[in-house]
2 protein chains.
Amino acid sequence: MKIDPVSILKEHDLKHTKQRVRVLEEIALDTVAISQPDLEKKLGKEIDRVTLYRILNTYQEKGILHRIMDMNGTANYAICSSSCSEDHHHDEHVHFNCTKCFKIYCLEVEVPRIKMPKGFLAKTVSSTAYGICEKCNNI
Amino acid sequence: MKIDPVSILKEHDLKHTKQRVRVLEEIALDTVAISQPDLEKKLGKEIDRVTLYRILNTYQEKGILHRIMDMNGTANYAICSSSCSEDHHHDEHVHFNCTKCFKIYCLEVEVPRIKMPKGFLAKTVSSTAYGICEKCNNI
DNA sequence: TAGTATATGCAATTTAATTGCATATACTAT
DNA sequence: ATAGTATATGCAATTAAATTGCATATACTA
Ligand SMILES: [Mn+2]
Ligand SMILES: [Mn+2]
Ligand SMILES: [Zn+2]
Ligand SMILES: [Zn+2]
């Protein structure tokens with residue numbers, strides 16, 4: 001899937017600023033999710049820390065990015081599927097968190113349906129597998 | 001299941017201190033997991049913040065508690081099933097995170113088996129459902 | 001091109017987590 | 001019961017993460 005930051009911004013009625021474009025570019029570079037700390041490092045002083053926080057929040061609200069928390073409570077971000085919108089995300093795929101390289105993959109695997117106990121009404125389910133990723137397996 | 005802090009400490013070769021007992025008591029009060037911030041509030045100045053961090057860490061390592069991260073990256077703690085040990089946790093049940101009261105429940109539901117793509121080796125899978133809990137449903 | 005709305009950067013706060021060290025406490029051996 | 005040893009605790013200091021307020025810069029509209 002090709003990412004065009006500029007048109008993504010247009011589609012979501014967001015102003016076109018170089019910081020916003022930059023963040024999308026950086027995240028689109030790799031297919032795996034990127035952690036907020038890594039993102040900060042990559043961007044260095046191109047973008048103010050606070051601005052980055054704000055951009056990531058807006059992107060998440062608008063359905064441009066989805067946030068995946070890793071086992072340490074660190075935020076990771078990945079591009080949403082094209083069908084996500086402000087009101088509703090459609091990113092119910094399984095995530096894979098490598099315990100060696102710590103990368104987080106968005107797998108093309110649907111989150112399995114889970115039968116809830118009486119009284120509990122599940123709206124979304126998140127499912128993360130922890131283990132060794134394909135790259136780390138081949139080393 | 002009845003919780004006896006003192007014997008739990010014995011079983012795991014941990015020194016019996018009033019702070020450790022206190023933490024276990026507090027967590028055992030409710031069947032739902034308790035968040036670290038809530039725990040801090042409850043304990044007030046009975047226990048130093050740093051000590052609490054350390055106690056929670058050792059309990060987790062020893063397989064006495066398991067940690068569940070909520071959607072905001074906040075740590076929540078719940079008693080482990082009796083079969084958990086230092087080397088191996090057996091807490092692969094589904095968690096339910098209420099989006100209204102924010103409580104986290106350990107459900108008696110096994111995490112479903114997920115088929116991994118070639119190359120990915122899953123060791124554990126975590127599964128959390130978000131929605132409205134039984135209590136909030138009845139209000 | 002001027003006017004308006006909002007995004008950005010910077011400084012200041014607030015909150016969370018970690019580290020080092022002196023003292024207190026639990027357990028062991030006598 | 002007591003003394004000796006190991007380690008848990010509390011406190012102070014650091015480090016790191018996140019939030020807020022506000023002045024200025026920038027993008028879009030008319
Ligand atoms: Mn994903
Ligand atoms: Mn649990
Ligand atoms: Zn890996
Ligand atoms: Zn609830």
Side-chain angles (χ1 to χ4, degrees), chain A residues 4-27 33-65 67-77 86 102, chain B residues 4-27 33-65 67-77 86 102:
Chain A
D4 175 17
V6 178
S7 44
I8 289 182
L9 290 175
K10 271 224 184 69
E11 281 164 32
H12 291 87
D13 292 308
L14 290 172
K15 284 193 183 171
H16 168 252
T17 70
K18 72 172 197 298
Q19 293 86 339
R20 284 178 173 169
V21 171
R22 198 64 195 74
V23 169
L24 276 181
E25 279 175 355
E26 204 54 57
I27 294 181
I34 184 166
S35 74
Q36 176 142 349
D38 282 357
L39 206 43
E40 282 180 26
K41 275 171 218 130
K42 289 270 208 115
L43 295 170
K45 45 206 307 313
E46 285 183 70
I47 302 182
D48 184 81
R49 226 173 111 66
V50 178
T51 304
L52 178 59
Y53 274 109
R54 296 195 268 228
I55 290 178
L56 292 173
N57 280 339
T58 332
Y59 281 179
Q60 208 196 337
E61 283 165 11
K62 289 283 185 173
I64 297 172
L65 297 181
R67 186 173 72 168
I68 311 128
M69 289 292 182
D70 69 16
M71 68 240 289
N72 301 311
T74 305
N76 288 253
Y77 292 90
E86 180 148 12
F102 299 105
Chain B
D4 174 18
V6 179
S7 43
I8 289 182
L9 290 175
K10 271 225 185 69
E11 280 164 32
H12 291 88
D13 292 308
L14 289 172
K15 283 192 183 171
H16 167 254
T17 70
K18 73 172 195 297
Q19 293 86 340
R20 284 178 174 168
V21 171
R22 199 62 195 73
V23 169
L24 275 181
E25 280 175 355
E26 204 54 59
I27 294 181
I34 185 167
S35 74
Q36 176 142 350
D38 282 357
L39 205 43
E40 282 180 26
K41 276 170 218 130
K42 289 269 209 117
L43 294 170
K45 45 203 310 310
E46 286 183 69
I47 302 183
D48 185 83
R49 225 173 113 64
V50 178
T51 304
L52 178 58
Y53 274 110
R54 296 195 269 228
I55 290 178
L56 291 172
N57 281 338
T58 35
Y59 281 179
Q60 208 195 340
E61 284 164 12
K62 289 283 185 172
I64 297 172
L65 297 180
R67 186 173 72 169
I68 310 129
M69 288 294 182
D70 69 17
M71 71 240 288
N72 300 310
T74 305
N76 289 253
Y77 292 90
E86 178 147 16
F102 300 106

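Here the structure is a predicted model, which is why all the values come from computation and not from measurement. By convention in this document, chain letters (A, B, ...) are assigned in the order of the sequence lines, proteins followed by strands, and residues within each chain are numbered from 1.
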If I take atom CD1 in residue I47(B) and atom C1' in nucleotide dT9(D), what distance separates them, rounded to the nearest angstrom?
10 Å
What is the distance, to the nearest angstrom, from the CG atom on D48(A) to the P atom on dA12(C)?
14 Å
Between E46(B) and G73(A), name the one whose nearest nucleotide on DNA chain D is closer to the 5' end.
E46(B)
Is there side-chain contact between Y59(B) and L14(B), with at least one heavy-atom pair below 4.5 Å?
yes
Taking the side chain as every heavy atom from C-beta outward, state whether Y53(B) and Q36(B) have any atom pair closer than 4.5 Å.
yes
Just the atom pairs and distances: protein N or O near nucleotides 18-28 of chain C's N or O, under 3.5 Å.
from: dC27(C); atom 1: OP1; to: H16(B); atom 2: N; distance (Å): 2.8

Spacing between E40(A) atom CD and dG9(C) atom P, to the nearest angstrom:
13 Å
Tell which nucleotide pairs with dA12(D), taking only Watson-Crick or G-U wobble pairs whose two distances are both under 3.5 angstrom.
dT19(C)
In whole angstroms, the gap separating C1' of dA7(C) from OH of Y59(A) amounts to 11 Å
Between P of dT7(D) and CZ of R20(B), the distance in whole Å
11 Å
Measure CG/L9(A) against C1'/dC28(D) and give the value in whole Å, please.
13 Å
Straight-line distance of R20(B) CZ to I64(B) CD1, nearest 0.5 Å
8.5 Å
Side chains of T17(B) and L9(B) in contact at under 4.5 Å (non-hydrogen atoms):
no
Could you check how far CE of M69(A) sits from P of dA18(D), rounded to whole Å?
8 Å
Within the side chain of R67(A), is there an N or O that forms a donor-acceptor pair under 3.5 Å with the backbone of L56(A)?
no
Ignoring hydrogens, what is the shortest heavy-atom contact between P37(A) and A75(A)? Give both atom names and the distance.
CD-O, 4.4 Å
Hey, could you give me the CE/CG distance between M69(B) and N76(B), rounded to the nearest 0.5 Å?
9.0 Å
For dA27(D), give its Watson-Crick or G-U wobble partner with both distances under 3.5 Å, or none.
dT4(C)
Rounded distance in Å - CG (L52(A)) to C1' (dA17(D))
13 Å
